Q: 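I have a structure here, written as structure tokens, and I will follow up with some questions on it.
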Amino acid sequence: MSEFINQTDENSWFIIANPTAGNKVFNKQWKEIKTQLSLNNISYSFAFTAFSKHEIELVQQAIQKGFRKIISVGGDGTLHHVVNGIMLQTYVKTSDITIGVIPIGTGNDWVKTYNIPNNTTEAVRIIKKNSTTLQDVGLCETANNTVDYFVNLAGLGFDGYVIYKLNNFKKFGAVGYLLAGVNSLFSYNTSKFKIFVDDKIIETKSLLTIVGICKYAGGGLQFTNNVDPSDGLFDITIAKNLKIITILLNINKLFKGSLHKLKEISTYKSSKITIESSNTDTYIQADGELIGTNKVTFSIINKAINFVVNT
């Protein structure tokens, strides 16, 4: 379902909505979104996604028609694909595009960095206010030459394995990530990583390596420390020889953002990092989407896209 118009009003938004988000109550949520948009006198056109990664195509069509303001309605996966649509197009500078987010569903971690609530009325109010920030975007290049962009967190190892296992726990909603994580603790085997960051080569047996632009993942867990989404640098966390019992005893540190205080954790700031795993089935994730295995290079694009934030 879509409503494309040939618009010339620079204040008009194009909405891309994922009808599979929201735990099967999307129709009710969409009705409320339209009501709030009308009450706030926000001009818009819209389209619903019909298949995986459809957002990429819809974004590019909207940009060709003249839209420069996009609203992502869904979770982190929807936003991830909207961002990829913007970064992959060649019609305008990516920094000419603004993204607003109305979070629905269970997987909404990007919005937590900017205090955007999972509440339609408030999310639309924030979009109406239109206070923006130019945020960095990460670029992933995998061993099979695939390219992917991300705006929150990416990584290789345990976090990718949790995303791989998550399909078995999505029916549990917001706690699904935590359940997948606990399950993965007892089935995941650490592997040896070779990490190239700045002028360092780090070889270590590692549970995971996280590359962050924003703060949160997995429903509010904080794997990174001291992030700045616009400084042109990744916040990198390397977990070395971290044992299951250590994680279980320090789960509170993941929620409080103090995981980096453990002696097994090393942190770095860099604009580029390459990671190789000794296991060919070590999963890579970006914004909670699986993008490959085994080897990846992350590099940052400074202040790439405007995002509407809560100020």
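Each residue takes its place number in the sequence, starting with 1. None of these values were measured; they are calculated from a predicted model.
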Q: Hey, is CG on N252 packed in by over 12 heavy atoms from elsewhere, all under 6.0 Å?
A: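 Check passes, neighbour count above 12.
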
Q: Would you check if Q135 and I213 make a side-chain contact, meaning some heavy-atom pair closer than 4.5 Å?
A: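 A side-chain contact under 4.5 Å exists here.
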
Q: Which value, rounded to the nearest 0.5 Å, describes the distance between W13 atom CH2 and I99 atom CD1?
A: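 So the gap between those two atoms works out to 9.5 Å.
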
Q: Quick one: which residue pairs count as a salt bridge (charged side-chain N to carboxylate O under 4.0 Å, His left out) with a foot in residues 115-129, not counting sequence neighbours?
A: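 Non-adjacent pairs meeting salt bridge (charged side-chain N to carboxylate O under 4.0 Å, His left out): E122-R125.
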
Q: Transitively linked via ILVMFWY side-chain contacts under 4.5 Å: I210 with V162?
A: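 Yes; V162 is reachable from I210 via cluster members.
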
Q: Step by step, work out the side chain to side chain contact (heavy atoms under 4.5 Å, CB included) result for D231 and K269.
A: CA-CA 10 Å; D231 66 355; K269 284 276 193 178; 3.4 Å; yes

Q: Nearest 0.5 Å, please: how far is CD in Q29 from CD1 in I104?
A: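 Taking CD1 in I104 and CD in Q29, the distance rounds to 4.5 Å.
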
Q: Between F46 and F48, how do the two ring planes meet: parallel, tilted or perpendicular, split at 30° and 60°?
A: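 Because their plane-to-plane angle lies in the 30° to 60° range, the rings of F46 and F48 count as tilted.
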
Q: To the nearest 0.5 Å, tell me how far L156 CG sits from C140 SG.
A: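 Result: 10.5 Å between the selected atoms.
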
Q: Check for a donor-acceptor pair, side chain of Q285 on one end and backbone N or O of L290 on the other, with a separation under 3.5 Å.
A: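 Looks like no, no N/O pair under 3.5 Å.
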
Q: T190 versus S206: any side-chain heavy-atom pair under 4.5 Å?
A: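 They are not in contact (no side-chain heavy atoms under 4.5 Å apart), so the answer is no.
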
Q: If I take atom CD1 from residue I127 and atom CG from residue N310, how far apart are they, to the nearest 0.5 angstrom?
A: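 I127 CD1 to N310 CG: 11.0 Å, rounded to 0.5 Å.
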
Q: Please list all pairs meeting side chain to side chain donor-acceptor pair (under 3.5 Å) that have one or both residues in residues 192-204, counting only residues at least two apart or in different chains.
A: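 Listed once each, the pairs are D198-S270.
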
Q: Please answer whether the main-chain N or O of K34 pairs with a side-chain N or O of S38 as donor and acceptor at a distance below 3.5 Å.
A: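 Not a single qualifying donor-acceptor pair exists.
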
Q: Taking side chain to side chain contact (heavy atoms under 4.5 Å, CB included) as the test, write out the residues that go with T293, two or more places apart.
A: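 With neighbours one apart ignored, the set is Y283.
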
Q: Anything under 30° is parallel, anything over 60° is perpendicular, the rest tilted; go ahead and classify F234 against F298.
A: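 F234 and F298: perpendicular rings.
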
Q: Find out if a path of hydrophobic residues (ILVMFWY) with successive side-chain heavy-atom gaps under 4.5 Å connects Y91 to I70.
A: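 Yes, it is one cluster - the side chains of Y91 and I70 are joined through contacts under 4.5 Å.
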
Q: Linking I/L/V/M/F/W/Y whenever their side-chain heavy atoms sit closer than 4.5 Å, directly or via other members, would I42 and L39 fall into one cluster?
A: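 Not linked; separate clusters.
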
Q: Got a sec, which residues hit ring-ring contact (aromatic ring centres under 6.0 Å, His included) with F223, two or more places apart in sequence or on another chain?
A: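 Per chain and number, F223 pairs via ring-ring contact (aromatic ring centres under 6.0 Å, His included) with no residue.
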
Q: Short question: side chain of N302, backbone of S230 - any donor-acceptor pair under 3.5 Å?
A: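 Yes; judged by distance alone, with no hydrogens or angles, the pair exists.
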
Q: List the steps, then state whether side chain to side chain contact (heavy atoms under 4.5 Å, CB included) holds for I301 with T94.
A: CA-CA 11 Å; I301 303 166; T94 61; 5.8 Å; no

Q: Return the minimal non-hydrogen interatomic distance between E289 and G77, and the atom names on each side.
A: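 Shortest heavy-atom contact: OE2-CA, 3.5 Å.
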
Q: Please collect all side chain to side chain donor-acceptor pair (under 3.5 Å) contacts where either partner lies in residues 50-59, sequence neighbours excluded, each pair once.
A: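 Pairs touching residues 50-59 that pass the test: E57-Q61.
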
Q: At their closest point, which heavy atom of V227 faces which heavy atom of C214, and how far apart are they?
A: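 Nearest heavy atoms, V227 then C214: CG1-O, 3.8 Å.
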
Q: Indicate the atoms forming the closest heavy-atom contact of G232 with D136, along with that distance.
A: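 Answer, listing the atom of G232 first, then D136: N-OD2, 2.7 Å.
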
Q: If you apply the rule side chain to side chain contact (heavy atoms under 4.5 Å, CB included), what do you find for Q64 with Q89, and how did you get there?
A: CA-CA 9 Å; Q64 288 183 63; Q89 59 80 36; over 6 Å; no

Q: Treating Ile, Leu, Val, Met, Phe, Trp and Tyr as nodes and any side-chain heavy-atom pair under 4.5 angstrom as an edge, say whether I56 and L79 lie in one connected cluster.
A: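 Result: yes, single cluster for both.
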
Q: Within a strict 4.5 Å, meaning less than it, do heavy atoms of the V101 and V308 side chains meet?
A: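 They are not in contact (no side-chain heavy atoms under 4.5 Å apart), so the answer is no.
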
Q: With heavy-atom distances below 4.5 Å as the criterion, would you say the side chains of K272 and T297 are in contact?
A: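 Side-chain contact under 4.5 Å: yes.
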
Q: Set out, in order, the CA-CA distance, both residues' side-chain angles and the distance that settles side chain to side chain donor-acceptor pair (under 3.5 Å) for S277 and S191, then state yes or no.
A: CA-CA 7 Å; S277 169; S191 59; 3.0 Å; yes

Q: Can you tell if the side chain of T282 reaches within under 4.5 Å of the side chain of F193, non-hydrogen atoms only?
A: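 Side chain of T282 against side chain of F193, heavy atoms only: contact under 4.5 Å found.
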
Q: With sequence neighbours left out, which residue pairs that include part of residues 147-157 fulfil the side chain to side chain donor-acceptor pair (under 3.5 Å) condition?
A: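 Matches after skipping sequence neighbours: H80-D148.
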
Q: In the structure I gave you, are the side-chain heavy atoms of S184 and Y164 within less than 4.5 Å of one another anywhere?
A: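 Side chain of S184 against side chain of Y164, heavy atoms only: no contact under 4.5 Å found.
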
Q: Of the non-hydrogen atoms in T146 and I291, which two are nearest, and what is the gap between them?
A: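 Result for this residue pair: OG1-O, 3.8 Å.
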
Q: Between E264 and K240, does at least one N-O distance fall below 4.0 Å, as a salt bridge requires?
A: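 No, this pair does not count.
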
Q: Roughly how far, to the nearest 0.5 Å, is the CG atom of D76 from the CG atom of D109?
A: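 It is 5.0 Å, given to the nearest 0.5 Å.
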
Q: Mind checking whether T78 and V73 have side chains closer than 4.5 Å, heavy atoms only?
A: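 Counting from C-beta outward, T78 and V73 never come under 4.5 Å.
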
Q: Could you measure the distance from the OG atom of S72 to the CG atom of N18? Nearest 0.5 Å is fine.
A: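 Result: 8.5 Å between the selected atoms.
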
Q: Which pair of heavy atoms, one from A17 and one from F26, lies closest together, and at what distance?
A: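 Nearest heavy atoms, A17 then F26: CB-CZ, 3.9 Å.
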
Q: When clusters are formed by joining ILVMFWY residues with side-chain heavy atoms under 4.5 Å apart, either directly or through shared neighbours, do V137 and I16 land in the same one?
A: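 Yes, one cluster joins them.
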
Q: So which atom in T224 and which in K215 form the shortest heavy-atom distance, rounded to 0.1 Å?
A: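 Scanning both residues, the minimum pair turns out to be OG1-O, 3.8 Å.
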
Q: Begin from the C-alpha positions of L37 and I15 and carry the test side chain to side chain contact (heavy atoms under 4.5 Å, CB included) through to its verdict.
A: CA-CA 11 Å; L37 291 168; I15 299 174; 3.4 Å; yes

Q: Side chains of T237 and N225, heavy atoms from C-beta outward: is any pair under 4.5 Å?
A: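 They are not in contact (no side-chain heavy atoms under 4.5 Å apart), so the answer is no.
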
